[in-house]
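Proteins get letters first, then strands, A, B, ... in listed order; numbering begins at 1 in each.
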Amino acid sequence: MPTSAKKRYLVTAALPYANGPLHIGHLAGAYLPADVYVRYQRLMGREILFVCGSDEHGAAITMRARKEGVSPREIVDKYHVLIRDTFQKLGVAFDIYHRTSEPLHHQTSQDIFRKLLEKGQFEERETEQYYDEAAGQFLADRYILGTCPVCGNADAYGDQCEKCGTSLSPDQLLQPRSALSGATPVKRPTTHWYFKLNEHEAWLREWINTGRLEGKQLHDPATWKAHVVGQCNSWLEQGLQPRAMTRDLDWGVDVPPEIPHSEGKKLYVWLDAPIGYISATKQWAADHRDNWERFWKSDETALIHFIGKDNIVFHCLIFPAILGAHGEFILPVNVPANQFLNLEGAKLSTSRNWAVWVHEYLEELPGREDDLRYNLIKNMPEQRDSEFTWKGLQETTNTELVGNLGGFIQRVFVLVHKNYGGLVPQANPEQTFRSGWNAEQETTIDRELFALAKKLEAMGAEVERFQFRDALRVLMEISSAGNALLQFNEPWKATLERTEEVRAVLFTAIQYAVALSAAMRPFLPFAAERLRTQLNLPPFEDSGELVALINDLLEGNAVLWPNHPINLPEHLFARLPDEVIEAQIQKLRTAQPPAQTDPPAPSPAAEYPPVKETISYEVFAQLDLRVATIVGAEKIEKADKLLRLTVDLGFETRTIVAGIAQHYPPEAVVGRQVVVVANLAPRKMRGIESQGMVLMAEDAQGRLSFVRPDEGWPVGFGVR
RNA sequence: GGCGCGGUAGCUCAGCUGGUCAGAGCGUAUGAUUCAUAAUCAUAAGGUCGGGAGUUCAAGCCUCCCCCGCGCUACCA
């Protein structure tokens with residue numbers, strides 16, 4: 001079923017995590033496409049609700065709060081306000097920007113949890129988890145620090161090492177310690193609720209790939225993006241596993257207290273976050289005396305999730321499974337996830353501060369919201385990763401916005417003022433002139449307006465297909481045709497015998513300007529509003545203006561009538577000067593990690609890892625380090641990082657598996673002298689027993705180098 | 001290593017189920033124009049559609065192999 005057949009729309013945009021500001025990647029990934037889509041549908045007179053809000057739970061926020069010595073509440077309050085205001089300033093027009101720390105959201109999440117429990121969707125599992133005896137609580141993965149087994153970073157988290165990006169489990173950390181007390185955690189049994197995702201695999205597969213569920217056609221899979229379906233099938237092929245939906249945490253939504261063993265348990269943030277869409281809808285409905293259920297529980301609603309590609313699995317498999325398991329909710333008709341935006345040739349990186357922060361942009365380039373929106377939409381990563389450059393922003397602003405679009409509007413206004421004192425001229429409908437769409441073609445006003453309407457429809461069709469770049473291109477084609485219309489007919493040569501022709505041309509041109517004001521609205525809301533004011537038309541209400549306009553044009557009717565007074569010309573856009581661009585490029589190149597009080601995401605790793613806890617000589621002396629020679633090396637099958645080394649210790653030869661394959665090819669290490677830990681407990685990796693460990697030096701980039709004695713040093717003796 | 005998505009003109013990117021699919025915008029060149037923020041309009045470039053093999057009357061678009069980028073995943077003592 002095409003989404004346009006639905007009665008109403010519910011659009012969600014990924015909930016921003018409230019522990020850092022927004023960057024342009026967030027905008028290009030989820031918020032701008034959602035905003036364009038929503039604004040367009042409103043202009044087409046469709047009922048559409050656009051919900052979003054701050055995701056305010058999870059261990060990353062409590063961790064950050066601890067680090068900054070404030071409460072989690074202070075963190076989320078700060079970023080909630082910053083992010084909300086950033087969206088507002090950029091013109092992202094949510095109907096509601098809610099937050100998951102609201103009581104309403106807690107209730108909603110708990111109700112859904114209860115329902116799932118009632119329907120037997122959970123299994124309780126007891127597992128061993130790290131427990132901090134000093135602090136008297138279980139430790140979430142994020143709360144366990146230790147040395148990364150991959151890169152040696154002493155401050156890796158239990159779920160991930162942020163230095164090398166490796167995903168970890170707490171058990172993999174060397175020397176685990178509690179982030180709360182610093183104590184060495186101990187294992188204790190704890191109970192958690194696992195959602196039986198595996199039981200939903202079959203219908204999810206069918207639903208994703210065919211759009212059918214229980215015989216009903218819910219969506220057309222051909223309209224889903226290839227990378228979205230691909231990623232889902234990739235997961236489905238590997239088999240879905242039950243997933244823990246609770247955590248031992250002290251910040252988040254409580255597991256409903258009446259449930260046995262619920263004490264100290266919170267809902268997993270990934271469960272409660274998408275439920276935030278529902279609670280935001282509820283809040284909106286409460287504020288507007290409306291019924292939220294008609295958005296979430298009606299087949300006549302088209303639910304669309306706008307997200308970045310990192311969220312695909314959750315929005316296409318796990319959350320739908322939860323909605324399906326619950327039984328009362330509709331499923332999304334599409335999840336038009338975008339890929340990633342790169343910046344000046346490199347991936348965005350919050351820890352390296354390689355980003356353009358939206359709130360800073362708004363401050364440093366005031367009045368240029370639309371410039372950014374335009375460039376990001378034009379370069380939106382719809383099918384693959386794409387790229388933002390400052391030069392590119394300057395180019396699109398100066399050539400396309402200022403030159404083409406702004407230039408056209410300026411020309412029309414100046415000419416109408418020069419010729420007719422600022423009043424829309426009266427034109428003869430029979431008068432012919434050259435078409436803006438084809439210089440060879442003689443045309444009349446109604447035919448020109450019909451062609452214009454067709455273009456507006458074409459633009460809308462692209463928006464419906466989530467092809468926002470193409471939609472923007474069509475918009476610019478209208479502006480170009482307007483310029484061509486003027487160029488071909490030269491209304492500035494208003495000689496006496498051409499009076500009627502010039503009137504018809506400028507009358508048509510001003511209709512173009514009106515059409516553009518509406519067509520621009522989804523993409524360039526601020527400029528659209530300014531143009532509206534210049535045209536001396538009432539402000540946008542974002543309800544059906546575009547569809548009304550298209551209908552008029554299709555019938556050859558004008559949308560601005562003779563003698564309507566327009567205001568004096570005023571530049572719609574401003575050129576972006578070189579200095580501004582250079583300054584931003586400089587800023588990026590010299591970017592320092594942000595101050596501790598206002599950093600993005602997780603705080604950057606210190607240049608040098610901190611010195612570890614002092615140990616006694618006795619502990620040190622337990623290490624048996626030996627000089628050895630690598631006598632053989634080969635790549636291990638199916639492992640990117642591993643080499644199987646044969647090392648000669650003099651008194652014996654051992655096999656050691658080392659994670660150095662990405663730093664040294666096998667042939668380059670044979671013959672090298674190294675230092676090995678000779679008394680490390682053997683460990684199997686990829687089925688091969690590793691009998692020790694080779695010492696490696698590491699630099700700030702994570703590169704590795706052998707630690708070795710002078711050339712030709714005898715092997716087998718100790719290191720001290 | 002497995003899986004997924006990409007690799008198309010100098011740049012940024014479109015190309016739906018194989019047969020006007022070899023394209024758009026920007027940049028560049030030439031010409032036109034001067035109402036307009038050194039704005040606009042017209043025309044042009046000739047890119048072996050990552051490489052190789054195959055299927056087909058016909059392949060960027062299908063199959064196989066290889067190379068590169070990104071993501072997920074495994075591995076990492």
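Every residue meeting the side chain to side chain donor-acceptor pair (under 3.5 Å) condition with A:Lys454, not counting sequence neighbours, appears here in chain and number order: A:Glu457. Under the side chain to side chain donor-acceptor pair (under 3.5 Å) criterion, A:Asp310 pairs with no residue at all, not counting sequence neighbours.
Per the geometry, CD1 belonging to A:Ile312 stands 9 Å off C1' belonging to B:G4, to the nearest Å. Separating the CZ atom of A:Phe573 from the P atom of B:A36 is a distance of 19 Å, rounded to the nearest angstrom. Between the P atom of B:C26 and the CG atom of A:Leu472 lies a distance of 12 Å, rounded to the nearest Å. Between the P atom of B:G71 and the CG atom of A:Asn338 lies a distance of 16 Å, rounded to the nearest Å. Taking atom CH2 on A:Trp437 and atom P on B:C41, their separation rounds to 12 Å, with Å as the unit. Going from atom CG of A:Asn311 over to atom P of B:G4 covers 21 Å, rounded to whole Å.
B:G25 and B:A45 have their P atoms separated by 14 Å, with the value rounded to a whole Å. Nucleotides B:U17 and B:G27 place their C1' atoms 36 Å apart, quoted to the nearest Å. Here the separation of B:A58 from B:U12, taken at their C1' atoms, is 32 Å to the nearest Å. The gap from the P atom of B:U63 to that of B:G19 amounts to 16 Å, rounded to the nearest Å. The same atom, P, is picked in B:A29 and in B:G71; the two are 38 Å apart, to the nearest Å. Taking the C1' atom of each, B:G46 and B:A22 are spaced 11 Å apart, rounded to whole Å. For B:C16 and B:U8, the P atoms lie 15 Å apart once the distance is rounded to whole Å.
Other residues, nucleotides and ligands contribute over 12 non-hydrogen atoms within 6.0 Å of the CZ atom of A:Arg530.
Residues A:Pro569 and A:Gln410 approach most closely at CB-NE2, 3.9 Å, considering heavy atoms.
A:Tyr37 and A:Phe466 have their aromatic ring centers within a separation under 6.0 angstrom.
The nucleotide whose nearest atom lies closest to any side-chain atom of A:Arg469 is, among B:C70, B:U40, B:C13, B:C13. Nearest nucleotide to the A:Phe488 side chain, out of B:G6, B:A42, B:G15: B:A42. For A:Gln231, taking side-chain heavy atoms from C-beta onward, the closest of the listed nucleotides B:U12, B:G71, B:A39 is B:G71. Out of B:C70, B:C26, B:U37, the shortest distance to the side chain of A:Glu400 is found at B:C26. Closest to the A:Ala226 side chain, of the nucleotides B:C5, B:U40, B:U37, is B:C5. Of the candidate nucleotides B:C72, B:U8, B:C41, B:C41 has the atom lying nearest to any side-chain atom of A:Ala484.
Contact annotation for A:Leu572: base contact, defined as any heavy-atom pair under 4.0 Å involving a base atom. The residue A:Lys378 sits close only to the backbone: its heavy atoms come under 4.0 Å of sugar-phosphate atoms, none of a base. Looking at heavy-atom distances under 4.0 Å, A:Arg473 makes contact with sugar-phosphate atoms alone, never a base. A:Gln339 comes within 4.0 angstrom of sugar-phosphate atoms only, judged by non-hydrogen atoms across all strands, and of no base. Backbone-only contact: A:Asp470 has heavy atoms under 4.0 Å from sugar-phosphate atoms and none from a base. Across all strands, A:Ser386 comes closer than 4.0 Å only to sugar-phosphate atoms, never to a base (heavy-atom distances). Within 4.0 Å of A:Phe413, counting heavy atoms only, lies no atom of the nucleic acid at all. Backbone-only engagement by A:Gly403 is indicated by non-hydrogen atom pairs under 4.0 Å involving sugar-phosphate atoms exclusively. Counting any heavy atom pair closer than 4.0 Å across all strands shown, A:Asn342 reaches no nucleic acid atom. Counting any heavy atom pair closer than 4.0 Å across all strands shown, A:Thr396 reaches no nucleic acid atom.
Between A:Ser480 and the phosphate of B:C41, there is a side-chain N or O to OP1/OP2 separation shorter than 4.0 Å. Remark: A:Lys347 is in phosphate contact with B:G71, judged by side-chain N or O atoms under 4.0 Å from OP1 or OP2. The phosphate of B:G4 has neither OP1 nor OP2 within less than 4.0 Å of any side-chain N or O from A:Arg384.
Aromatic ring orientation, A:Phe319 versus A:His315: perpendicular (interplanar angle above 60°, classes split at 30° and 60°). Aromatic ring orientation, A:His417 versus A:Phe413: parallel (interplanar angle below 30°, classes split at 30° and 60°).
For the pair A:Phe340 and A:Val228, both in contact range of RNA chain B, the more 5′-proximal nearest nucleotide belongs to A:Val228. Taking for each of A:Gly406 and A:His227 the nucleotide of RNA chain B with the nearest heavy atom, the 5'-most of the two is the partner of A:His227.
A:Gln394 and A:Asp578 share a side-chain donor-acceptor pair at under 3.5 Å. For A:Thr389 and A:Glu344, the side-chain atoms include no donor-acceptor pair closer than 3.5 Å.
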Under 3.5 Å between N/O atoms: give me all the protein pairs with nucleotides 31-35 of chain B, atom names plus distance.
| residue | atom | partner | partner atom | Å |
| --- | --- | --- | --- | --- |
| B:C35 | O3' | A:Lys418 | NZ | 3.2 |
| B:C35 | O2 | A:Arg411 | NE | 3.2 |
| B:C35 | N3 | A:Arg411 | NE | 3.0 |
| B:C35 | N3 | A:Arg411 | NH2 | 2.6 |
| B:C35 | N4 | A:Arg411 | NH2 | 2.7 |

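Classified by its glycosidic torsion, B:G50 falls in the anti category, the angle being over 90° from 0.
Across the strands present, B:C16 finds no partner; the criterion is a Watson-Crick or G-U wobble pair with both atom distances under 3.5 angstrom.
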Evaluation steps, side chain to side chain donor-acceptor pair (under 3.5 Å), between A:His227 and A:Gln339: CA-CA 9 Å; A:His227 70 263; A:Gln339 309 246 15; 3.1 Å; yes

